[in-house]
Amino acid sequence: MSFPADFLWGGASSAHQCEGAWNVGGRGPGKRDYMIVDRKTRQRLLTYVDRDGTRRLMPLGSGTQLPEGARYEIFDDCFYPDHDGVDFYHRYKEDIALFREMGFKVFRMSISWSRLFPRGDEAKPNQNGIAFYKDVFEELQKNGIEPLVTLWHDDTPLFLEESIGGWSSRKMIGRYEKYAEACFRAFKGLVRYWLPFNEINNVLLFLEMFGKNPTDEMYQAAYQELHYKFVAGARAAAKARQIDPRNCVGCMICGVPFYPATCDPKDIMLNHEMWEKGLLYSSDVLCRGEYPVFSHRLWREHKVNLDILPQDLEDLKKGTVNMYTFSYYMTSAVTTHNTTDIVGGNCTTGVRNPYLEYSEWGWANDPLGLRYFLEKMYTLYKLPMMIVENGLGAVDTVEDGQIHDSYRMDYLRGHIQQMKRAVENGVDLIGYTAWGCIDLVSAGGEMKKRYGFVYVDRDDNGAGTFQRLKKDSFAWYKKVIESNGEDLD
Ligand code: P53
């Protein structure tokens, strides 16, 4: 038993992290266009001016809102990493040629909503934006690469945030639906695989994982936002299949499996609840089309009272996904016991697991956790599965034009071996897209945290030529794909 012959090997990206060209071709701004990186804390900060015109900074965090009369503003002396990304907008032909050289069968990318609808509520899409994505999809098609397209990768048009409050508003469902429908119509025949939302469960998972004593109000907002996104995604899924029955829609779950740190039944129960809240709550709605039984307990726990209409529940039923797609980087151990040995990395927390090694950013390297997640979720949902993000964020050094990234190959090898075990154990795994197959801006805004098989000459201060260089892992991944996952040396 091994990977199926038509297994979809490839790589993954998102628009705001790689395209750049943030104000080119009629694109409207998004919140990320106003984000800089605080050198000391490595936190992202939003730049704005208050009603008196004073320049101010605001840390990015759950529930942050601009004060009355303030507006986001670009400061000339600040560096905004997403403005240029890695210049994919101008270099996609060169990049796609490199993907082809590695033998990619699939490339995951996202569409920037505000490139098609600069404000998010126009009656017709911006033709310039449509033309750009059409060109990219055609280029992929010419190179025998199937696009896998995320519609929303954390990039709501700024105007919608400011005018209606973004995803706190039910009105977003209609706006999103129009955007999604425009994509299904414009790219019919070019795109078959769609992901309505990236890591949809993060709203809740991250609140639980790194929220500092989240209040009931924060839970209320998170559950409500999730509900609107569930309905928007379900309506989009139904529309996608109505427009073209060949369309295939996936959920996109941030797959962080939890482990109990001890065998104390209290830890087992905490672990069980983390799975429910962080992973199963969202997976159930997306895959089964209804809220799981335990959702009532979760809502009660934080006195949550949701705006759910009867029509919403019908939409959820009709809009279930066709495949279980997810990201996987690490596992997290949890305990009810007092401990100071906490992993406080970039976007990760929990108790330090003494059996695992951690990356420079504090992410646990745990290939077995991937097999665990694959087999558990396949048993639960019985849907074809695809890993749409996985990889190691690391610092790479260029020596004489070469990058010797054996650490990256080690990480990926371990994970691909466990994927194979899961396939042997009966999981219907159909594809794998390695995150950041070409270096791109990390979610935290750092360029230094790299994932690619292809290096991009660009640093954290915005210096560099954007020149592309193959890392050692480039030839390695090519061999992996050529041998359909058999040759991992
Ligand atoms: P960076 C945290 C934990 C797991 C997945 O992340 C995450 C995050 C957010 O940082 O998000 C996904 O760049 C996300 C990508 C992101 C990627 O993981 O922080 O979908 O946009 O770049 C890797 O190393």
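Just so you know, ligand 1 is whichever comes first in the structure, and atom 1 is the first atom listed for that ligand.
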ask   = Taking the side chain as C-beta and beyond, is there a heavy-atom pair between Leu370 and Phe326 under 4.5 Å?
value = yes
message = Show the nearest heavy-atom pair for residues Gly10 and Tyr477, with the distance to one decimal.
response = O-OH, 2.8 Å
task = Look at atom 22 (O) of ligand 1 and find which of Gln17, His16, Glu389, Lys449 reaches it with the closest heavy atom.
result = Gln17
inquiry  = Does the residue Trp361 have a heavy-atom contact with ligand 1, meaning some pair of atoms that are separated by less than 4.0 Å?
reply    = no
query = Taking N or O atoms only and a 3.5 Å limit, does Asn202 qualify as a polar contact for ligand 1?
reply = no
message = If the test is side-chain contact (heavy atoms from CB on, under 4.5 Å), which one of Ile387, Asp366, Leu279 qualifies with Phe373?
response = Leu279
key: Aromatic ring pairing Trp167/Trp152, orientation class (parallel under 30°, perpendicular over 60°, tilted between)   = perpendicular
message = So, regarding Asn198 and ligand 1 (criterion: nitrogen or oxygen to nitrogen or oxygen, under 3.5 Å), is there a contact or not?
response = yes
ask   = How about Phe107 and Tyr92: are their ring centroids closer than 6.0 Å?
value = no
inquiry  = Evaluate Ala443 for polar contact with ligand 1, using N/O atom pairs at a separation under 3.5 Å.
reply    = yes
task = Report yes or no: does a heavy atom of Cys254 sit under 4.0 Å from some atom of ligand 1?
result = yes
inquiry  = For the residue pair Arg91 and Phe466, would you count it as a cation-pi contact if the rule is NZ or CZ under 6.0 angstrom from the ring centre and within 45 degrees of the ring axis?
reply    = no
query = Does Trp363, backbone or side chain, put an N or O under 3.5 Å from an N or O of ligand 1?
reply = no
Side-chain heavy atoms of Arg108 within contact of Glu389, under 4.5 Å = yes
inquiry  = I need the atoms of ligand 1 closer than 4.0 Å to a non-hydrogen atom of Phe206, numbered in the order shown.
reply    = 2 (C), 3 (C), 8 (C)
ask   = Could a heavy atom of Met330 be found less than 4.0 Å from some atom of ligand 1?
value = yes
Element-labelled atoms of ligand 1 that are located less than 4.0 Å from some non-hydrogen atom of Ser442 = 13 (O)
